[in-house]
Amino acid sequence: MIEEFISTYGEYLFWTLLHIFVILGVLLVSVAYLTYFERKVMAAMQRRHGPMTVGPFGLLQPLADGLKLLTKETILPTKANKPVFIIAPMLTFFLAIVAWAVIPVDENWVLANINVGILYLFAISSLGVYGIIMAGWASNSRYAFLGGLRSASQMVSYEVSMGLVIVTVLLCVGSLNLQEVVMAERSFLMNILLFPMMIVFLISILAETNRAPFDLPEGESELTGGFMVEYSAMTFALFFLGEYANMILMSAMTVILFMGGWLAPFGISGEWIDWVPGIVWFALKVSAVLFFFIWARASFPRYRYDQLMRLGWKVFLPFTLVWVLVVSGALIATNSLP
Amino acid sequence: MSDSFLIEYLPILIFFVIAGGAAIAAVAMSYMVGQQNPDPEKNSQYECGFEAFAESRSKFDVKFYLVAILFIIFDLEIAFLFPWAIVLGDIGMFGFWSMVLFLGILTVGFVYEWKKGALDWE
Amino acid sequence: MLYGIAFYLFAMVLVGSAIAVITAKNPVHSVLFLILAFFNAAGLMVLLGAEFIAMLLVIVYVGAVAVLFLFVVMMMDVSFADLRSGAMKYVPIGVVVGGVLLFELVIIYSGWKFSDAMELANPNDISLTNTEALGHILYTKYFFIFQMSGLVLLVAMIGAIVLTLRKRSGVKRQKIYEQVNRKASDVIEIHKVTPGTGV
């Protein structure tokens, strides 16, 4: 029975597991060095050195941070609802990771090439709100509760405009499969029409991942850390990993939707450039979007909550809604629908 | 029925199991490696040095509730837009105007909530 | 075989979490189990080949409706023991509602079983993904039903606002248009003040 199982599924299982562990490994290393990258870039923008003592150029700093968090005490507040309290960070981490199953990093280089890839990503990112809301409620602390509540409202508000932006991209590519989204031929008109949507999307993902200038749920100066206030050690680290993995995920989504995924930028081709593997382009583009995340954090002051809601509901929502009709109308008029 | 696309979902299921396992393993490992030394003050809820005055899960502004309802409605609207966006080339002008009417109906609601001030925060 | 394992896994977790929804002491736990139930239902939908519906189930029910449920349950500032004490008097109405639902399910099932509706439910062209198959008929063939759902959403939107919107008085709001349009000449007056007389 077992031998039969191995002979039929063994090879498949081996490659799938290998693929999964490669994704996990690369993702965790990327997250670790994203924190290093963030600190170095912020330091450079503020004329400081950033981490520089642990290892050459401070390169081992993320490792040291990880080890420190691992060996700290896991605090379980007495008044907290313990099962939910522990599940919340796990859920955040889990969701930030499983979304990577459908991200194509190169042609045919994807774990699960499903027909509804975009919807899967949209679904997983819409679940992200639970980790935060559960943490806020289970901590039974006023700061955490307020942080969780704010964060939930913020994330759902910006999800609406993200969804509408995705619809405009779908109009141009005519498929929900992520590989086909990348490979679809885009005319000049489509690129012009999608450019404002890219800006909206970039701003929305800042809000969706609770990054500055929309980092109100954490708001150190008023909420002392928001929903994470009661967490320590690995439970805190999982929130942290989840947030950064989510940043990379959202950057990857931007790259796939608007920047041509693993294809060379601006459609350049030729002998001198074609040898570069697609995954290199993909990684470079994702890094560029991540740089934008950090740049925004170093440049802008935090929004006020009413301003944040106004931007989401009164600016982005009507704008993207109208733009869906503009894009579809323009594509019908020029007869260039896919 | 063709099952060929189902096989694409299998890696996702396996990924779910492994990612869940990784999350549990991380917390469990930290719990074992780190020194656990709880005491009542450390485990009390975080406040500015005093005992909490009241239950922290208090009533909150009904505004948050309204945002959640409006979100459901717009989420459904987007759900209707997804299939429309990918088949628009096949269903032609009728499909286009059908969606324009649908969005028009919802825009009436949107204008109403805007004028009523449901989108204002204080 | 894998199909069978997956089916029983999803089905068992679904039924288990559905039972937990009604037996959990804490309503927040109930909602969390409800989310688990939705999630497994989405898994079953995938097994049936309805990928699009499965994703929508997660996006709409888990991502939006259950968030609202959580808000409501978290917002209820009542002791849960009080809430449970009177639960028995709702049993008759619960039985009636459950009975009606069961009756309807039986009718639908028998309609499927003993008529040719089963074949109609399959898309004509198997090469289409089910999102495309849905898109081809939803906006044209089922035009009126589609518009009706738009009207239902409109009613829901207006209803929600009428029921929940309360204006609080005495709060300062930001009026961007007015603030930007302020000119120095409108708000500043220059008086010449001679010493000893005041303004």
Side-chain angles (χ1 to χ4, degrees), chain A residues 1 4-5 8-9 12-13 81 83-84 87-88 91 95 102 112 114-130 132-134 136-138 140 145 148-149 151-153 155-157 159-160 162-163 166 170 174-177 180 304-307 309-311 314-315 338, chain C residues 1-2 5 20 24-36 38-39 42-43 45-46 49-77 127-135 139 171-177 179:
Chain A
M1 170 81 185
E4 189 191 307
F5 181 80
T8 21
Y9 299 108
Y12 173 80
L13 212 59
N81 189 313
V84 181
I87 289 171
L91 185 71
L95 290 172
V102 298
I114 58 174
N115 287 330
V116 288
I118 288 191
L119 288 181
Y120 176 82
L121 280 183
F122 194 60
I124 295 286
S125 67
S126 73
L127 299 186
V129 64
Y130 282 110
I132 288 165
I133 218 173
M134 279 161 73
W137 178 81
N140 207 345
F145 188 68
L149 209 57
S151 178
S153 296
M155 288 171 85
V156 298
S157 301
E159 220 164 86
V160 175
M162 266 177 73
I166 291 175
L170 292 181
S175 170
L176 291 169
N177 182 302
E180 284 167 34
R304 224 173 44 212
Y305 202 72
D306 62 322
Q307 293 172 326
M309 287 312 218
R310 200 188 86 89
L311 184 69
K314 287 191 164 180
V315 180
Chain C
M1 188 183 80
L2 276 174
I5 294 174
K25 287 235 161 57
N26 189 329
V28 173
H29 291 181
S30 290
V31 176
L32 294 177
F33 277 117
L34 184 67
I35 292 163
L36 189 62
F38 281 146
F39 213 81
M45 290 286 190
V46 169
E51 302 169 277
F52 181 71
I53 301 293
M55 294 302 155
L56 275 196
L57 193 71
V58 176
I59 291 172
V60 174
Y61 280 87
V62 185
V65 175
V67 171
L68 179 70
F69 284 178
L70 260 188
F71 271 19
V72 173
V73 166
M74 281 161 58
M75 210 156 84
M76 283 194 310
D77 195 22
S127 69
L128 288 174
T129 64
N130 55 50
T131 322
E132 285 165 337
L134 202 64
Y139 309 102
V171 266
K172 286 187 175 150
R173 290 196 176 77
Q174 190 172 25
K175 297 187 182 100
I176 302 229
Y177 183 73
Q179 282 167 253

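Note that the structure is a prediction, hence the values are computed from the model and not measured.
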Requested in this report: Could I get the full list of side chain to side chain donor-acceptor pair (under 3.5 Å) partners for A:Ser157, not counting sequence neighbours?
Outcome: A:Trp313
Query raised in the report: Residues in side chain to side chain donor-acceptor pair (under 3.5 Å) with A:Ser175, at least two apart?
Result: A:Glu180
**Report entry** Test side chain to side chain contact (heavy atoms under 4.5 Å, CB included) applied to A:Asn115 and C:Phe52, step by step
**Finding:** CA-CA 9 Å; A:Asn115 287 330; C:Phe52 181 71; over 6 Å; no
Please classify the contact between [X] and chain A as side chain, backbone, both or neither, with a heavy-atom cut-off of under 4.5 Å.
X	answer
C:Ala64	neither
C:Leu57	neither
C:Leu56	neither

Query raised in the report: OH of A:Tyr130: more than 12 outside heavy atoms within 6.0 angstrom?
Result: yes
Query raised in the report: Would you say C:Tyr61 has more than 12 foreign heavy atoms packed within less than 6.0 Å of its OH?
Result: no
Query raised in the report: Among C:Val67, C:Leu70, C:Val62, whose side chain to side chain contact (heavy atoms under 4.5 Å, CB included) with A:Val129 holds?
Result: C:Val67
Query raised in the report: Side chains of A:Phe122 and C:Val58: does their closest heavy-atom pair fall under 4.5 Å?
Result: no
Requested in this report: Kindly indicate whether the side chain of C:Thr131, heavy atoms from C-beta on, has any atom under 4.5 Å from the side chain of A:Val116.
Outcome: yes
Query raised in the report: Counting heavy-atom pairs under 4.5 Å to chain C, which of A:Ile124, A:Ile87, A:Ile133 comes out on top?
Result: A:Ile133
Query raised in the report: Is it the backbone or the side chain of A:Leu127 that comes under 4.5 Å from a heavy atom of chain C, or both, or neither?
Result: side chain
Report task. Against chain C, label A:Met134 side chain, backbone, both or neither, depending on which of its atoms sit under 4.5 Å from a heavy atom there. Result -> side chain
**Report entry** Nearest non-hydrogen partners of C:Ile59 and A:Ser126, listed with the distance
**Finding:** CA-OG, 4.2 Å
**Report entry** Nearest-0.5 Å distance, CG of residue A:Leu121 to CE of residue C:Met55
**Finding:** 9.5 Å
